[in-house]
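What follows is a set of notes on a single structure, which appears directly below.
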Amino acid sequence: ALPAKVIEMKDGLILAEKTELLSLNGKFEKKEKLLDNPFGLAPKKGEFLSVHWNSAIEQVSVYEAQVLEKKVAQTLC
């Protein structure tokens, strides 16, 4: 799961700046994405979420978001 930063709620979905892995060299890119919200989360603008297959899974702290990104890069590179 990679983190995403909430921009706004939009018709039950979550518009967020999502971290995406560009390649297996550990480079990431941030893109705006509409995320599915299967667990009915109600995050506020600026909060972080863990995301799996374009679905918001749970709210995470800034620290947890940084660790998620770092661990995914270490695991895949």
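Just so it is clear, the structure is predicted and the values come from calculations on it, not from any experiment.
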Looking at E47 and K44, would you say the former's side chain and the latter's main chain have a donor-acceptor pair under 3.5 Å? yes
In Å and rounded to the nearest 0.5 Å, what is the OH to CG distance from Y63 to L68? 10.5 Å
If you round to the nearest 0.5 Å, how far is NZ of K31 from OG1 of T19? 12.0 Å
When clusters are formed from ILVMFWY side-chain contacts under 4.5 Å, directly or step by step, what else is grouped with I7? L13, L15, L34
Show which residues join F48 in its hydrophobic cluster (side-chain heavy-atom contacts under 4.5 Å, direct or indirect), or state none. V60, V62
Where [X] and [Y] come nearest, the two heavy atoms and their spacing:
X: K33; Y: N54; value: CB-OD1, 4.2 Å
X: G12; Y: N37; value: O-CB, 3.4 Å
X: A16; Y: A4; value: CB-CB, 3.9 Å

Do [X] and [Y] come within less than 4.5 Å of each other through their side chains, counting heavy atoms only?
X: V51; Y: I57; result: no
X: L49; Y: E58; result: no
X: Q66; Y: P3; result: no

Between the side chains of E20 and K30, is the shortest nitrogen-to-carboxylate-oxygen separation below 4.0 Å, so that they form an ion pair? no
Check this for me: does any side-chain nitrogen of one of E29 and K18 sit under 4.0 Å from a carboxylate oxygen of the other? no
